[in-house]
Amino acid sequence: MWIYEKKLQFPIDVKCKDLKFAKTLITQYGGPAGELSACLQYLNQRFTMPTGKTRALLTDIGTEEIGHMEMIGTMVYQIMENASMCELKEAGLDGYYTLHDHGLFYSDPNGYNWTADYITGMGDPVTDLTANISAEQKAKQTYEYLMDLACGDESLLAPLRFLRAREIVHYQRFGEALETVKEYYNQKKYFC
Amino acid sequence: MKKFNASPAGVARNRETALLELQQLSFSLVDLNLFLDTHPDNQQAVNDYNYLFEQYWEAKSSFELMYGPMNNFGHCPASYPWSWINDPWPWERGGAV
């Protein structure tokens, strides 16, 4: 069960109307290393995690990722809100407009829609946690590229910095979880 | 329902300040939550969590009293008329900050 909280995890008030940036930013909504991929990957893997620590961690990080998806959705929405036809065309968003108008969609900057093929769920805790460490690193790198493209706009950079920092914390926590899982299996060798 | 004399802009600014405080407190709790998942025996982190939890709960209750509910059920009593449907939603301008 989940309960919605009517607030963002980090304040967002986008001041610019950089539609080309919105087109790239949407990768963190529905692209391969985006927040949808992250939350679905973790919330799906937790069923077969072997310890309380790992079941809790995947639940909690997976839940936080839903909040990050809301942040990215808010940024894209605020940039695209009120954009005219000419502005959308100029930014290369005419194809996007044809399919989604000014609405949000789980897509990447090149028009590929989200697919479960992006995510990992091998059922083995060591494999899955290792995939999660990799996923956090990929997302961190994506945020760095997006920050390069944000043209110094602080209303875009502040939430992107926050999200990048969260990837680092999640990476750290998954690393710790992986170590505890390895310890758990080593112990089992002696006591089973 | 409590009435304010402040101008709409003043109310918005106060909401923004109160929301920011709530965002800061709840973020601290989320981050400690993840830390405690992998460090469940860290007494200092549990103490910090409980210290911040009290402040968070107090801030959340007073925010909800002023600006409406944060959750659709289980966290605060409903007012009449049902105010959950009121703007702003977080992605709307003026709602996110």
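Just so we're on the same page: letters track the sequence lines, and every chain starts at 1. Just so it is clear, the model here is predicted, and its values are computed rather than measured. What you see below is based on every heavy atom in this structure, not just the backbone, and it leaves out hydrogens, waters and symmetry mates.
Atom CD of B:E58 has 12 or fewer neighbouring heavy atoms from other residues, nucleotides or ligands inside a 6.0 Å radius. No more than 12 heavy atoms of other residues, nucleotides or ligands sit less than 6.0 Å from atom NZ of A:K20. Annotation for A:Y171: atom OH does not count as buried by contact number, only 12 or fewer foreign heavy atoms lying within 6.0 Å. For A:E90, the CD atom sits in a loose shell: 12 or fewer heavy atoms of surrounding residues, nucleotides or ligands are nearer than 6.0 Å.
Partners of B:A18 according to the side chain to side chain contact (heavy atoms under 4.5 Å, CB included) rule, which considers only residues two or more places apart in sequence or in another chain, are B:F63, B:Y67. A search for side-chain hydrogen bond (donor to acceptor under 3.5 Å, both in side chains) contacts involving A:T63 returns A:W2, not counting sequence neighbours.
Of the two parts of A:E81, only the side chain, counted from C-beta on, holds a non-hydrogen atom closer than 4.5 Å to a non-hydrogen atom of chain B. The contact between A:R166 and chain B is made entirely by side chain atoms (from C-beta outward), counting heavy-atom distances below 4.5 Å. The contact between A:E70 and chain B is made entirely by side chain atoms (from C-beta outward), counting heavy-atom distances below 4.5 Å. For A:E5, the parts lying under 4.5 angstrom from a heavy atom of chain B are both the backbone and the side chain. In this structure, chain B has a heavy atom under 4.5 Å from the side chain of A:F162, while its backbone stays farther away. For a residue to count as touching a neighbouring chain, one of its non-hydrogen atoms must lie under 4.5 Å from one of that chain's; by this rule A:Y77 touches chain B with the side chain only.
Highest contact tally toward chain B, considering only A:V14, A:T54, A:T59, is held by A:V14 [criterion: heavy-atom pairs under 4.5 Å].
Residues B:L19 and A:P11 fail the side-chain proximity criterion, which asks for heavy atoms closer than 4.5 Å. Residues B:N72 and A:K6 are not in side-chain contact: their nearest non-hydrogen atoms beyond the backbone lie 4.5 Å or more apart. You'll find the side chain of B:Q23 stays beyond 4.5 Å of the side chain of A:F10, heavy atoms only. In this structure, the side chains of B:S26 and A:K7 come closer than 4.5 Å at one or more pairs of heavy atoms.
Considering A:E176, A:E179, A:K53 as possible partners of B:T38, the one that fulfils the side chain to side chain donor-acceptor pair (under 3.5 Å) test is A:E176.
Once rounded to the nearest 0.5 Å, the distance linking CG of B:D37 with CD1 of A:I61 reads 7.5 Å. Separating the OG1 atom in A:T74 from the CD atom in B:E92 is a distance of 10.0 Å, to the nearest 0.5 Å. Summarising the geometry, atom CG belonging to B:N33 is positioned 4.0 Å from atom CG belonging to A:D60; distances are rounded to the nearest 0.5 Å.
A salt bridge links B:R93 with A:D13: the closest approach of a Lys/Arg side-chain nitrogen to an acidic carboxylate oxygen falls below 4.0 angstrom.
No chain of hydrophobic side-chain contacts below 4.5 Å, direct or via other Ile, Leu, Val, Met, Phe, Trp or Tyr residues, connects A:I168 to B:F27. Under a hydrophobic clustering in which Ile, Leu, Val, Met, Phe, Trp and Tyr are joined whenever their side-chain heavy atoms come within less than 4.5 Å, directly or via other members, A:L40 and A:L104 fall into the same cluster. Grouping the Ile, Leu, Val, Met, Phe, Trp and Tyr side chains by contacts below 4.5 angstrom, directly or via other members, places A:L149 with A:I26. Both B:V46 and B:L25 are assigned to one and the same hydrophobic cluster, defined by single-linkage of ILVMFWY side chains at heavy-atom distances under 4.5 Å. Criterion: ILVMFWY side-chain heavy atoms under 4.5 Å apart, direct or through other members. Under it, A:V76 and A:M147 are part of a common hydrophobic cluster.
Panel note: side chain A:E64, backbone B:V30; no donor-acceptor pair is recorded below 3.5 Å. A side-chain donor-acceptor contact under 3.5 Å links A:Q78 to the backbone of B:W91.
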Checklist entry - Going through the distances and angles, do A:Y4 and B:W84 end up as a side chain to side chain contact (heavy atoms under 4.5 Å, CB included)? => result CA-CA 11 Å; A:Y4 181 67; B:W84 174 247; 3.9 Å; yes

